[in-house]
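Data first, discussion second: the structure below is written as structure tokens.
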Amino acid sequence: MKTIKEAWKAAVAAAVADLLREKGADPSIAAAVVAETPPDASMGDIGFPMFPLAKPLRMGPPQIAVALAERMASSKAPDGVAKAIGPYLNVFVDRASLAAAVLSARSSGEAYGRSASLAGTRIMMEFSSPNTNKPLHLGHLRNDALGESTSRILKANGAEVLKINLVNDRGVHICKSMLSYMAYGEGRTPDGEGMKSDHFVGDYYVKFNDLKKEDPKAEEKAQELLVKWEAGDPETIALWKTMNEWAVGGIRKTYERTGISFDKYYYESQIYLTGKEEVQKGLASGAFFRAPDGSVRIDLSPIGLEEKVLLRKDGTSIYMTQDIGLAIHRHNDWPFDRLVYVVANEQQYHFKVLFHILASLGYEWARNLYHLSYGLVNLPEGRMKTREGTVVDADTLLDSLRELAIEEIQAKGREDAVGDMAETAEKIALGAVHYYLAQATPAKDMVFNPKESLSFNGNTGPYIQYMGARISSLLRKRDLGEGKASQGTVRPELLTAESEWELVRLVAAYPEAVELAGAEYNPAVVAAHLYAIASAFSKFYHDEPILTCDDADIAATRLALSEAVLVVLKNGLRLLCIPFLEAM
RNA sequence: GCGUUCGUAGCUCAGCUGGAUAGAGCGACGGACUUCGAAUCCGUAGGUCGCCGGUUCGACUCCGGCCGGACGCACCA
């Protein structure tokens, strides 16, 4: 579709340039013609507004459209016709040729929707970044889904992507769960208690609140424990290691469950001291300065901010120091063209400053750092709060969604048709969550309504999965010899119904959606497109007989269209980390 | 106070980067299964796109100012 659009755009621009020359106007403005999509297929497939040409041509937009339509009719144009519709010049592309192109998507398989728009670009994606004192919650699920699916989308556009996870495994919050375990643990283990290990650790972190009530010095003691940890106290390190293994082990299980993976893990405990040297270098080069109190700072007035401390007067580093060192360290590990940080929008200031600092140090690649900022996930009752116990934990959420999916399968009596019911239910649950998270624009805060995501109706992941399952069912039946499709010939020109044409257009436009999603780091673009296709297919399926069609050629062609739709659904769902289901 | 960001149907979200009558889903109401899977489809109701100006042939979209919410403005991470 893209190439067709561009061919028409070039043809229209050429005709406009001719017209401008005839009228003695500057022909160079013809290059600025814009191609858009008319609101309704009955108005054409590509639209060119004539308004901007009115002044230079000293003609009304409708007359310009007419003049151009005549000119294009006699000249050599791509397949299709251009018509004047009011102040627009609209192109009706040749349906048979576009349909033929769309049906060929079947043989492209997984390659359909890939582009080379980012070929040769190395992109490092940092996401998830869990703390090792508690299990993942709903907010992490948004981060993970955004990071993983954006990575897949970038790869689909030809980029080489390295996914990395920075585990926050040190600090006073980690010490709190350790202190709490020292007080209440009595040598218990996750295995002994039959608990998922990250939840086990998380429970002790929560119990720290009890500890504070019993022991007013608990906060102080946590600080002291951190000092012991930094000093390398063997007993402290041993407990820290044990509890971290529990936490990280459990978190990794959740990643496996949700289909998230990383190419490389970084641990904060191993790198939190890096960056000091870089700050010293910056001091030497004059990018930073030493304040009267002895601390090292940077003047941020060039970006409209004040000063930022980079090294304390005692020479110890802070969060920013660490991130400076880490970015440089990573670029040495794997020289990237771009580095994308998937981090909540509350850290916008941090990244703005970080990027400026790295640029001040003279790193060329610092210009291609990007903070993929996303909003909070709230509940209908308001914000999730650890203290109030309103945090929706990821495993529990998936468990309850799975239970609901099982109930639904049972209610429809599809236990046998589905095969492994537990596995199917799990995939539906994952589809529900990942789609719900994907369909919202990343930058915005969103409300997660558990009840709504469970409904499996309307604009949801399961709805899209369902359309995939229906098409799969048609293909199974065809393979079993049902219907006449296998005796017919696929003839693209037979796709004449409006619902068929709508599907052709949407399948044809899918690669552009993937490209746009990549350019914007926005999986919601793919989600919206998939829903549009699923919805259009549902209408088509309802209105037109496919397998049961009497005409063998029509049956074969409609089935071929369904297969093309299936290719898009499969490819698109994969980009969104939503499992595809043959049956549900 | 300053900065960033968001404000579209009762609720949850789209709106192709400035174009044609502002769209979906949920919820409400009313229809469609002896026929390829009804986890579906069709219809009705519901909007001064927060408010006021500006730029433009044209603004939900860009600019300015208000109003309202969120998040920042650490020698915490």
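Values below: all heavy atoms of this structure, side chains included; hydrogens, waters and symmetry mates excluded. Proteins come first, then strands; the chains are lettered A, B, ... in the order of their sequence lines, and each starts at number 1.
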State whether A:Tyr374 and A:Arg142 meet the cation-pi test: NZ (Lys) or CZ (Arg) under 6.0 Å from the six-membered ring centroid, and within 45° of the perpendicular axis. no

Is any side-chain nitrogen or oxygen of A:Arg478 closer than 4.0 Å to OP1 or OP2 of B:rC36? no

Look at all strands and tell whether A:Pro380 reaches a base, only sugar-phosphate, or nothing, counting heavy atoms closer than 4.0 Å. nothing

I'd like the P distance from B:rU61 over to B:rC71, given in whole Å. 26 Å

Go through the side-chain N and O atoms of A:Asp323 and A:His350 and say whether any donor and acceptor fall under 3.5 Å apart. yes

Touch class at under 4.0 angstrom, heavy-atom based, for A:Leu311 against every strand present: nothing

Would you indicate, yes or no, if B:rA39 has its OP1 or OP2 atom less than 4.0 angstrom from a side-chain nitrogen or oxygen of A:Tyr466? yes

What nucleic acid atoms does A:Ile546 come within less than 4.0 Å of, heavy atoms only: base, sugar-phosphate, or nothing? base

So what does A:Ser538 touch, heavy atoms closer than 4.0 Å: a base, only the sugar-phosphate, or nothing? sugar-phosphate

Please compare A:Met320 and A:Leu305 by the position of their nearest nucleotide in RNA chain B and report the one closer to 5'. A:Leu305

Answer yes or no: does a side-chain N or O of A:Lys444 lie under 4.0 Å from OP1 or OP2 of B:rC13? no

Which pair of heavy atoms, one from A:Asn165 and one from A:Phe127, lies closest together, and at what distance? OD1-O, 3.4 Å

Identify whether any heavy atom of A:Phe448 sits under 4.0 Å from a base atom; if not, whether one sits that close to sugar-phosphate; answer base, sugar-phosphate or nothing. nothing

Same-atom distance (C1') from B:rG15 to B:rA9, integer angstrom: 14 Å

Report the residue from A:Tyr521, A:Tyr341, A:Phe355 that forms a side chain to side chain contact (heavy atoms under 4.5 Å, CB included) with A:Tyr370. A:Tyr521

Between B:rC13 and B:rG18, how many Å separate the two C1' atoms, rounded to a whole number? 23 Å

Scan A:Glu408 against the nucleic acid and name what it touches under 4.0 Å (heavy atoms): base, sugar-phosphate only, or nothing. base

Below the 4.0 Å mark, does B:rC41 have OP1 or OP2 next to a side-chain nitrogen or oxygen of A:Lys539? no

Reckon A:Tyr349 touches a base, only the sugar-phosphate, or nothing at all at heavy-atom distances under 4.0 Å? sugar-phosphate

note: A:Gln348, atom CD; B:rU4, atom P; distance rounded to Å ~ 10 Å

Within a reach of under 6.0 Å around NZ of A:Lys276, are more than 12 heavy atoms found that belong to other residues, nucleotides or ligands? yes

Please report, rounded to the nearest Å, how far the P atom of B:rA39 is from the CD1 atom of A:Ile578. 20 Å

Looking at B:rC41, I'd like to know if its phosphate oxygens (OP1 or OP2) sit under 4.0 Å from a side-chain N or O belonging to A:Tyr463. yes

The glycosidic conformation of B:rC57, counting syn as within 90° of 0 and anti otherwise, is anti

If I pick the P atom on B:rA20 and the same atom on B:rG68, what distance separates them, to the nearest angstrom? 33 Å

Between A:Tyr531 and A:Gln322, which is nearer to the 5' end of RNA chain B once each is assigned its nearest nucleotide? A:Tyr531

For the side chain of A:Glu36, starting at C-beta, report the closest nucleotide among B:rU12, B:rG37, B:rA20. B:rA20

For A:Ile409, which contact category applies under a 4.0 Å heavy-atom criterion: base, sugar-phosphate, or nothing? base

Which nucleotide in the set B:rC13, B:rC71, B:rC36 lies at the smallest distance from any side-chain heavy atom of A:Glu346? B:rC71

Which part of the nucleic acid does A:Ala440 contact within heavy-atom distance under 4.0 Å: base, sugar-phosphate only, or nothing? sugar-phosphate

Any A:Arg383 side-chain nitrogen or oxygen under 4.0 Å from OP1 or OP2 of B:rC71: yes

Looking at A:Thr441, does any N or O in its side chain come under 4.0 Å of the phosphate oxygens OP1/OP2 on B:rA14? yes

Interatomic distance, A:Arg476 CZ vs B:rG37 P [rounded to whole Å]: 9 Å

Work out how far the C1' atom of B:rA59 is from that of B:rC52, and round it to whole angstrom. 15 Å

Just call it for A:Pro462: base, sugar-phosphate, or nothing, with non-hydrogen atoms closer than 4.0 Å on any strand. nothing

Side-chain donor/acceptor of A:Asp323 to base of B:rA77, under 3.5 Å: no

A:Lys477 vs B:rG37: side-chain N/O to OP1/OP2 distance below 4.0 Å: yes

How would you label the contact of A:Glu544 with the nucleic acid (heavy atoms, under 4.0 Å): base, sugar-phosphate, or nothing? base

Compute whether any side-chain donor of one residue and acceptor of the other, for A:Tyr435 and A:Asn459, lie under 3.5 angstrom apart. yes

Atom NZ of A:Lys176 to atom P of B:rA77: distance rounded to whole Å? 13 Å

Side chain of A:Asp445 - closest among B:rC75, B:rC41, B:rA70: B:rA70

For A:Met43, which contact category applies under a 4.0 Å heavy-atom criterion: base, sugar-phosphate, or nothing? base

Under 3.5 Å, is there a donor-acceptor pair linking the side chains of A:Ser128 and A:Asn143? no

Considering only atom C1', compute the distance from B:rC33 to B:rC42 and round it to an integer number of Å. 14 Å

Where do A:Val433 and A:Leu397 come nearest, in terms of heavy atoms and distance? CG2-CD2, 4.2 Å

Indicate the ring-plane relationship of A:Tyr463 and A:Tyr531, choosing parallel, tilted or perpendicular according to the 30° and 60° boundaries. tilted

With rounding to the closest Å, how many angstrom separate the C1' atoms on B:rA22 and B:rG64? 25 Å

Integer angstrom distance from the C1' of B:rC73 to that of B:rA14: 33 Å

Reckon A:Pro52 touches a base, only the sugar-phosphate, or nothing at all at heavy-atom distances under 4.0 Å? base

Please give, in whole Å, the distance from B:rA74 C1' to A:Leu310 CG? 13 Å

Short side-chain N/O contact from A:Asn457 to OP1 or OP2 of B:rU40, under 4.0 Å: yes

Would you mind classifying the nucleic acid contact of A:Ala509 as base, sugar-phosphate or nothing, using non-hydrogen atoms under 4.0 angstrom? nothing

